[in-house]
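The chain is numbered in sequence order, starting from 1.
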Amino acid sequence: MAKIILGIMLVFLSANAKYPDWLQYGVKVIAEFDVPNKSVQQYNEGYGLIINDGLVLTSASIVFEGKRAKDITLYHTEALGQPIACLSHARILAVNDNLDLAVLVAERFTDIYCNVLPEPNFRELSFGKNYFNLLLLPIDLPLDERLEISYFKEHDWSQFLREKIVFGDFLELSQKEKEKLRGMPLFVENEFLGLKIKESKTHSVGILTHREILGFLCEVERETSVLKGRQDFNVFCNTPLDLQSTP
């Protein structure tokens, strides 16, 4: 009996190791662009993270190339371990090309086969209730080569699984492998490290940190009306620093 209980515990622990909480908030992003004078469409693929107030963070270079994508489709999994399927279409709410950051808002929710559902629908109503809480003060972890980072890995559209890699090895990934990770949320255990973006002079390792993302979002909240009515951001960005939430 003791062996059976031990076996069950090991399976449970293994499942938890494979499926951290943040894994359920990841999305695949596919953006379609019109190509002048061509009969084929151009598609960009990447990833993103569902956050507070029903918003999605992703890399700007996926959805914006001098102009906004013609169509943006979000895919996710209904439950951890289940196949990846259509969730909704989306539009760009805010974009910063220099930071390579785009903020999307989900709209026109679909069934798993990408058919647009009548409004209101159960997927739209439940979407804003399940998200990664970005509005915590960042831990600002140093990017040591031995630091173990996690992200979700797509397995042939079948499911998202947790992938772990030490930061030193992450830096050694080929350019093609890094390109495939655009918009990918990166974690250290359950702490949000940042978003994988394209490498640039200002971001040589291609990571936009949690603190930088919050800075941009609060700048947008204070200086524009783009986030008007997004209650979580309205409160967080106008709360004195020493009273803001901590992990």
Side-chain angles (χ1 to χ4, degrees), residues 8 10-33 40-52 54-59 61-63 69-92 102-134 149-165 170 173 176-187 189-190 192 195-196:
I8 293 173
L10 288 174
V11 170
F12 176 76
L13 291 172
S14 175
N16 279 346
K18 188 187 298 183
Y19 300 130
D21 288 343
W22 49 261
L23 197 61
Q24 62 189 307
Y25 309 126
V27 292
K28 183 178 179 70
V29 181
I30 296 184
E32 178 185 349
F33 292 83
V40 297
Q41 299 294 320
Q42 174 188 332
Y43 293 91
N44 288 345
E45 292 188 14
Y47 300 93
L49 180 68
I50 301 170
I51 61 167
N52 311 64
L55 303 181
V56 175
L57 298 179
T58 191
S59 163
S61 58
I62 299 170
V63 298
K70 173 184 176 182
D71 185 57
I72 303 169
T73 308
L74 305 180
Y75 299 78
H76 85 147
T77 180
E78 289 286 326
L80 295 179
Q82 296 299 310
I84 303 164
C86 263
L87 169 66
S88 74
H89 295 278
R91 61 180 170 86
I92 298 174
V103 183
L104 310 179
V105 58
E107 58 184 15
R108 292 189 294 139
F109 284 79
T110 71
D111 61 22
I112 63 173
Y113 305 107
C114 299
N115 299 307
V116 176
L117 296 169
E119 295 181 353
N121 56 75
F122 70 99
R123 302 192 89 186
E124 180 179 11
L125 294 173
S126 64
F127 178 72
K129 298 177 182 178
N130 297 294
Y131 58 86
F132 178 78
N133 183 15
L134 186 79
I149 61 176
S150 297
Y151 55 94
F152 59 84
K153 189 170 184 179
E154 179 188 338
H155 288 255
D156 300 323
W157 287 84
S158 60
Q159 59 180 312
F160 291 145
L161 294 177
R162 181 182 193 168
E163 183 80 359
K164 286 187 175 184
I165 187 172
F170 180 80
L173 292 175
K176 184 177 181 180
E177 289 174 310
K178 290 178 180 178
E179 182 73 10
K180 290 180 179 179
L181 294 176
R182 281 187 302 170
M184 179 68 73
L186 305 173
F187 292 82
E189 293 301 334
N190 288 317
F192 181 55
L195 207 67
K196 179 69 182 76

For a quick test of reading the model, state the closest non-hydrogen atom pair linking [X] to [Y] and the distance between them.
X      : Y      : answer
Pro83  : Thr77  : O-OG1, 3.5 Å
Val63  : Leu104 : CG2-CD2, 4.3 Å
Met184 : Tyr151 : CG-CB, 3.6 Å
Leu186 : Phe192 : O-CD1, 3.5 Å
Leu23  : Arg162 : CD2-N, 4.2 Å
Leu195 : Gly183 : CD1-O, 3.3 Å

side-chain contact (heavy atoms from CB on, under 4.5 Å) with [X]: which residues, sequence neighbours excluded?
X      : result
Lys129 : none
Lys70  : Glu32, Asp34, Gln41
Val105 : Leu55, Arg91, Leu93, Arg230

Contacts of type side-chain hydrogen bond (donor to acceptor under 3.5 Å, both in side chains), residue [X], not counting sequence neighbours:
X      : result
Asp111 : Asn115
Glu189 : none
Ser59  : Ser61, Asp100
His76  : none

Subject >> Under the salt bridge (Lys or Arg N to Asp or Glu O under 4.0 Å) test, residues paired with Glu163 that sit two or more places apart >> reply: Lys153
**OP:** Determine whether Val116 and His89 make a side-chain contact, defined as any pair of heavy atoms from C-beta on separated by less than 4.5 Å.
**Re:** yes
Original post:
Considering only heavy atoms from C-beta outward, does the side chain of Ser150 approach that of Trp22 to under 4.5 Å?
Top reply: yes
**OP:** Measure the spacing between CG of Asn190 and CG of Asp21 and express it to the nearest 0.5 Å.
**Re:** 6.0 Å
**OP:** Please identify each residue that fulfils ring pair (Phe, Tyr, Trp, His ring centres under 6.0 Å) with Tyr47, with sequence neighbours left out.
**Re:** Phe152
Original post:
Taking only residues two or more places apart in sequence or in another chain, which ones pass ring pair (Phe, Tyr, Trp, His ring centres under 6.0 Å) with Phe109?
Top reply: Phe127
Subject >> Over 12 non-hydrogen atoms of neighbours within 6.0 angstrom of NZ in Lys180 >> reply: no
Original post:
Quick one: are the ring centres of Phe132 and Phe187 less than 6.0 Å apart?
Top reply: yes
